[in-house]
Amino acid sequence: MIKAILIFNNHGKPRLIRFYQYFAEDMQQQIIRETFHLVSKRDDNVCNFLEGGSLIGGSDYKLIYRHYATLYFVFCVDSSESELGILDLIQVFVETLDKCFENVCELDLIFHMDKVHYILQEVVMGGMVLETNMNEIVAQVELQNRMEKSEGGLSGAPARAVSAVKNMNLPEIPRNINIGDINIKVPSLSPF
Amino acid sequence: MALKIVKGSIDRMFDKNLQDLVRGIRNHKEDEAKYISTCIDEIKQELKQDNIAVKANAVCKLTYLQMLGYDVSWAAFNIVEVMSSSKFTFKRIGYLAASQCFHEGTDVIMLTTNQIRKDLSSPNQYDTGVALTGLSCFVTPDLARDLANDIMTLMSHTKPYIRKKAVLIMYKVFLKYPESLRPAFPRLKEKLEDPDPGVQSAAVNVICELARRNPKNYLSLAPLFFKLMTSSTNNWVLIKIIKLFGALTPLEPRLGKKLIEPLTNLIHSTSAMSLLYECVNTVIAVLISLSSGMPNHSASIQLCVQKLRILIEDSDQNLKYLGLLAMSKILKTHPKSVQSHKDLILQCLDDKDESIRLRALDLLYGMVSKKNLMEIVKKLMLHVDKAEGTTYRDELLTKIIDICSQSNYQYITNFEWYISILVELTRLEGTRHGHLIASQMLDVAIRVKAIRGFAVAQMATLLDNAHLLTGNTQRNGICEVLYAAAWICGEFSEHLEDPMQTLEAMLRPKVATLPGHIQAVYVQNAAKLFATVLQKHEGETDSQAAQETSQLLIDRLPLFVQSANLEVQERASCILQLVKYIQKLQQKNVEVAEEVTALFAGELNPVAPKAQKKVPIPEGLDLDAWINEPPSESESEDEKPKAVFAKEEPKHYRSRNTEVDEKELARRREVRKQEQANNPFYIKASPSSQKVYDAPGVEHIPVVQIDLSVPLKVPGMPMSDQYLKLEEERQQKEKAERKKKEKKKKREKRGKGRKADSGPESEEDITPAQHVDIVTEEMPENALPSDDDDKDPNDPHRALDIDLDNLLSGFSSRPLADSEKLPVRTHRPEVLKSPAEDRVSESVPPETKKKSSKEKKEKKKDKEKDRKRSKEEKKKKKKHKEVEEELLESQPEEPVQSEETKEAAAPPTSTSAEEVTVPSSAVETSSAAVPESEPDEPKDTEPEDTKSSKHKKKKQKKEKEEKEKKKKKRHHHHHHHGEAGGEDSVQNGTVEEEEPLPPMSNYSVLAENSFIKMMREDAEQVYDIQGNHQDESKVVVSIIFENKSDSFLKSMEFNVLDSLNSKLQRPEGAGPHDGLTVPFQLPPGVSNEARFVFSVQSIVMPQKLKGTLTFIVKSDESSTHEKLDFKLHFTCTSYLITTPCYSDAYAKLLESGDLKGSSLRLEGINMPFHHLLARICFHHHFSVVERIDSCASMYSRSIQGHHVCLLVKTSDQTVSIDAKCDEPSLLGNVLDELKQTFSKC
């Protein structure tokens, strides 16, 4: 079972949190802080497993993480999960994000947290791995997005126009920031 | 109205959406909290509007704020509103928000039940999918109960997307509503063979999770998983299955043996590291579960260790880490194979990655032996010096101590070395583990008597150099060792060289800067030292030295009297007054030493950590009763009496105490006194500890030998390294000595004959330098040190410990009772019961069921014997098949005998439950198109019935024997597959070491043609159903259908021509001449087993039934109808059930005179007697009651309750059988059949 999936950046700012066991909000924040503290002080060339997050689980639980550019992807899992399997799963998830967002970067996750959630929901459900085939995941996400589009989306046409107007007032449009260096580079690892 | 809508949409234009919110937060870095609070106010406004799009947008923003740590539970109702929107876009937002912030305590959850149900049955698969995903995160017991049925239906949805989600969510439903497990399980199992790999993977996932917690209930699925393992190519599924097998093998060693081969193949063939690693892990689990000393598996161990070495040597840190992790598992059972890689592991200690270093340390812990302990610790000490960062250094320190102290200092040969190590460790700066070192010092000094002299000398040096330790007072962790040092010096002051100097050191003014509890110990032990000094100077004429000591104390103690610490102050003033008084006496030249020493006489023994908990509450003491009248309410709030005695235990102990009568107590007291008299460490009533040694019985005390090769006194701070050298020398010396002794022994040997051979030097031969007499810790009388229940009573998985086996197999299944059926929605909403009440009413029936299933299982064991034989035969017949195939061969569960036949005492409720079973479940299985497979693994359950204990014991014993035999057998088959089961002895629990039995077959060919072969099991399993139809019994016939052709066989129909007496049981509504569809199809070369139930009226006569099997042969070009005729022969023995009988009951039966006799003589039988008996047992379902030499009494019982007793005698090739039975015609037929059996051979 996966107990929690946390994505935060190099400064510990959460980008997505998904707990499969209930924790109150302040506890969730504490867990994020603790996990960040544990993970961030590790070099990139050490192993990706960590035991001893005291807040979640206990001895049966492990933190398995990957660090991509500015983001940490941390899975908290129990002993029924294969360590290397979860590492591959993180890779699959990130590659899927890369496909869905076309060159994913941290900003995509910041502004589209909901979409990232929807993608994650196709990979992991209720703490159990639902699908590991990337094409299948992408296909399902696409189909659901298409459905949303056919319903006119959340904001609809008028709101989009307004949003454009609102954007004009802003000094900067984040999309235009040079994001070359924070692109998540997806190394081509051996297939799972 | 229209206006309102327009107004709403204009408002909307200026609402922020999620992106705006995020942008805003990023633009307000300085006053983020303030900005967010205004946003929340806006959101609250938005939520008040009617427009669902606005609400959805607001909820979406709330989800984001929730991530930042804001509590959004106040919006729970709005979330429910958004969830119930008809638009997918909004619904998805609602469910996402709900999944992030709903939990069991959210009260609006109960409003969602109908909405979720609606979404689940939505025609749009994504509505359903979203609902399932959301539900998986916030399912509550109530939701689980109400929706279980709907989700179960979704498991058979046409879309695989929905199926896999429904299958996965079932796990959550089981957790919250355990009653749903049994009804849903068959379908879940079916999904293991779903055509869609995703669904299959989901089902594997769920069952693995279930099985991980309660593995024994899922053993029966092993064959199915085995098949999946050999056929699946999905690595994810493979990993799950292999992990599951790892959990199952400890319960079933035979499974492990089957696994080794395919797993090793996978190890060799796979390129995926994750899969390779899990394979290695499971192989390790298998090897652990197999009893040690299996030479054949050393190859597998070697393979594993070799692969792990490759992993550890890999540059990928992850692989290195996992390799070490797995290595530590091997270490537990096969330390030798790991120890050869010591170099590699020590190398890992230098790794830059801390996790890896810690793993390597863990490994070292298990790798030490008497031989290499010093060497390893030396290496670790080097690392301690090098280590940067206190955490790792502290970890090293604790590991060193752990390694040395493990299993009661088992590996320490030289305690002086160990004390030196401890002293060296005190030089570590800034460690947090001062108390750990201190407790080790205390422990060693107290428990190893021989070391006290050395320890005291070392501690005195420590005290002398205390300034080195306390130099930096901020890091006072290490000064804890002074606590130990002071205590050791005081308590064992008789060993001190110069007590005066130590006393002086302990009373230095600097001591006052130490923590209070250490000062207290200083003061107290200064007094002890004082007593020693006095005693030393007692005899002397010049009392100057003694008086000087008193003066020293009187001078220095006032410093402590002023201490802020109460403990220190109290002790100091007490002792100060005492010393003053002594000084007065000294001045009068009174001898006081004796009396002062008496203050500290007696030895302190270590007390076990759990001792206090185990102290029984004295009788008549009620801890809950008030001693004084309770104070008024307002005061008593915060005061809670601290529990001195164990809270849970009292009842237990009290009852035990009352059982013991006075006499017993007196006897125990006596025994204990005796024991104490022989225990030198026990504090006796005698006033002085010195006297103890003169007490009678001292001869029994192991005499402490101090090896003189080790210098007792080491000047200055000790260096542990020197011990390494010394140790080597010492060992060599010992070796030489031993050789001498051996020679001597050899000489003696000739005279005395048998004597233990010392053999090559093993590590056990290294004798410790000190004769270690480790004092065990004290426990109260009658208390056992064993740990009590460690299990967490709140573990949700405990509720899922549900027996599923009898649900799987066709005929023996226990149908789902009404109470177990999942609740189905009714049109009108039910009157709401309170959930608690509801739960109670539902949970009661399954409990009684469980009980009855246990009873059933127990009976199954009797049948095991038959089963095991038949299995073996099957094997032989299918030599061409792979071993694996064998395992996959589904063998239907043995049906269960009725309660009545065996046990009149069985509760009537369970019997009636059983009676209804057969017909309905038969229908159930045939409707499920998948052939039900069954385990060949025995279920090991503890017999928990209420039979007499004697009865039980015998049974257990028998089972044990049986198991052992089985083990042997399996083993045998694994290695010499082709041979016949030569050494299997199958006699009923009689003498063991007899000649091996010839193989016996249980299956006979029923009919055969070019397409198909039918084999029928002779030993039908028998049901006896009473009450439903008088005198009607049911017989189950198992038939194996084997496809011999190259074509596909399908639409098989099995039909027999019923006779008056015997009828084939057909499903309800079928005519008396309709055939039964065989519930499977046969691809070429495949065989499968089906079972058919017959009802039989009279069992006294053998029966023959004519039958036909029709089927369609389908090849590429054509398909043809074919048929095969056969004759089913029901012998009278097939109505007999192997029933154990005990000799006393047997004698009574024979005496009763109700039985009529008959006899039989067989000539020319030249087989060993036990083969003969085994044959009778096997083919005719008898059990041996008693056997004396060449004479045996046997017993069996028919399904209608007829007793059949045999007395078998043999004398040179002639066998005479005297038989008795209450039904003469049955007996006649049985004897005929017996005769036939033996005429065949």
Side-chain angles (χ1 to χ4, degrees), chain A residues 1 14-20 22 24-26 28-29 42-43 45-51 80 82-85 87-88 110-114 117-118 121 125-133 136 140 143-144 147-148 151-156 158-159 161-163 166 170 174 190-192, chain B residues 9 12-15 17-20 22-23 53 56-57 60 63-64 66-71 87-90 92-93 96 103-104 126 132-133 136-137 161 164-165 168-169 171-172 198 202 205-206 208-209 212 235-236 239 243 272-274 277-278 317-318 320-322 352-356:
Chain A
M1 283 279 279
R15 293 305 175 213
L16 175 134
I17 56 171
R18 169 79 275 185
F19 286 90
Y20 294 104
Y22 173 69
E25 273 77 13
D26 48 348
Q28 292 185 352
Q29 295 300 314
R42 292 173 66 84
D43 285 343
N45 55 1
V46 300
C47 74
N48 297 342
F49 315 117
L50 251 176
E51 287 157 67
S80 74
S82 148
E83 291 89 345
L84 295 172
L87 276 182
D88 287 337
I110 295 171
F111 286 101
H112 302 282
M113 184 202 73
D114 48 346
H117 265 296
Y118 299 144
Q121 281 175 359
M125 184 179 132
M128 283 185 290
V129 179
L130 181 66
E131 185 60 67
T132 51
N133 181 343
E136 171 73 16
Q140 295 298 348
L143 278 170
Q144 291 180 57
M147 221 172 103
E148 193 175 306
E151 284 179 351
L154 174 58
S155 28
V162 171
S163 156
K166 276 188 284 188
L170 282 172
S190 61
F192 167 52
Chain B
S9 68
R12 272 201 67 199
M13 304 219 292
F14 299 101
D15 288 344
N17 62 15
L18 175 63
Q19 279 76 26
D20 297 330
V22 175
R23 208 169 285 135
N57 186 39
C60 185
T63 315
Y64 184 82
Q66 196 270 344
M67 179 180 78
L68 297 183
Y70 290 85
D71 178 18
K87 272 195 174 181
F88 171 73
T89 316
F90 304 147
R92 184 152 82 152
I93 291 170
L96 174 63
H103 54 94
E104 277 191 30
Y126 291 111
L132 283 172
T133 309
S136 73
C137 294
Y161 178 74
K164 73 182 176 192
K165 287 197 168 194
L168 267 194
I169 202 179
Y171 178 64
K172 295 276 176 168
N205 219 332
V206 170
C208 287
E209 279 298 331
R212 204 164 69 91
N235 279 350
W236 189 265
I239 287 175
K243 269 185 115 69
M273 273 300 176
S274 43
Y277 173 68
E278 293 306 336
Q317 297 285 317
N318 291 330
K320 194 177 275 228
Y321 173 87
L322 292 175
K352 55 188 178 300
D353 187 349
E354 197 174 300
S355 317
I356 285 174

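Order of the sequence lines sets the chain letters (A, B, ...), proteins ahead of strands, with each chain counted from 1. Note: hydrogens, waters and symmetry copies are ignored here, and every other heavy atom, side chains too, is used.
- A/Pro14 and B/Met67 get closest at one heavy-atom pair: O-CE, 3.3 Å.
- The CG atom of A/Leu130 lies 7.0 Å from the OG1 atom of B/Thr133; values are rounded to the nearest 0.5 Å.
- Of all the heavy atoms in B/Gln317 and A/Val46, the pair that sits closest is CB-C, 3.7 Å.
- Only the side chain of A/Arg42 comes within less than 4.5 Å of a heavy atom of chain B; its backbone N, CA, C and O stay farther away.
- Heavy-atom distances place the side chain of A/Gln28, and not its backbone, under 4.5 Å from chain B.
- For a residue to count as touching a neighbouring chain, one of its non-hydrogen atoms must lie under 4.5 Å from one of that chain's; by this rule B/Tyr277 touches chain A with the side chain only.
- The two residues B/Leu68 and A/Gln29 come nearest to each other via the heavy atoms C-NE2, 3.3 Å.
- Here the OH atom belonging to B/Tyr64 is positioned 11.0 Å from the CG atom belonging to A/Leu16, to the nearest 0.5 angstrom.
- Between chain B and the residues A/Asp43, A/Ile110, A/Val129, the most heavy-atom pairs under 4.5 angstrom are made by A/Val129.
- Neither the backbone nor the side chain of B/Glu104 comes within less than 4.5 Å of any heavy atom of chain A.
- Residues B/Ser136 and A/Met128 form no side-chain contact, since every pair of their non-hydrogen atoms from C-beta on lies 4.5 Å or further apart.
- For B/Leu168, the parts lying under 4.5 angstrom from a heavy atom of chain A are both the backbone and the side chain.
- Taking chain B as the reference chain and counting heavy-atom pairs below 4.5 Å, the highest number among A/Ser80, A/Ala24, A/Ser82, A/Gly126 is found for A/Ser80.
- Residue A/Asn133: no heavy atom, backbone or side chain, is found under 4.5 Å from chain B.
- For chain A, the nearby parts of B/Gln19 are the backbone and the side chain; heavy atoms of each come within less than 4.5 Å.
- Contact of B/Lys165 with chain A is made through backbone and side chain together, with heavy-atom distances under 4.5 Å.
- Remark: the B/Thr89 side chain and the A/Glu151 side chain contain an N/O donor-acceptor pair separated by less than 3.5 Å.
- With salt bridges taken as basic N to acidic carboxylate O contacts below 4.0 Å, one links A/Glu136 and B/Lys164.
- Within the model, atoms CD1 of B/Ile239 and OG1 of A/Thr132 stand 9.5 Å from one another, a figure rounded to the nearest 0.5 Å.
- If you take CG on A/Leu84 and CD on B/Glu278, they are separated by 7.5 Å, rounding to the nearest 0.5 Å.
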Could you walk me through whether A/Met113 and B/Thr63 pass side-chain contact (heavy atoms from CB on, under 4.5 Å), step by step? CA-CA 9 Å; A/Met113 184 202 73; B/Thr63 315; 4.0 Å; yes
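- Both the backbone and the side chain of A/Gln121 come within contact range of chain B, each with at least one heavy atom under 4.5 Å from a heavy atom of that chain.
- Note: B/Tyr321 and A/Phe49 have tilted aromatic rings, judged against thresholds of 30 and 60 degrees for the angle between ring planes.
- In this structure, OH on B/Tyr126 lies 8.5 Å from CE on A/Met147, to the nearest 0.5 angstrom.
- Across all non-hydrogen atoms, the minimal contact from A/Glu131 to B/Gly198 is OE1-CA, 4.4 Å.
- Looking at B/Glu209, its side chain does come within 3.5 Å of a backbone N or O of A/Met1 through a donor-acceptor pair.
- Of the atoms belonging to B/Tyr161, it is side-chain heavy atoms, and not backbone ones, that fall under 4.5 Å from chain A.
- The candidate with the highest count of non-hydrogen atom pairs below 4.5 Å against chain A, out of B/Asn318, B/Leu322, B/Val22, is B/Asn318.
- For the atom pair A/His112 NE2 and B/Leu18 CG, the distance stands at 8.5 Å (nearest 0.5 Å).
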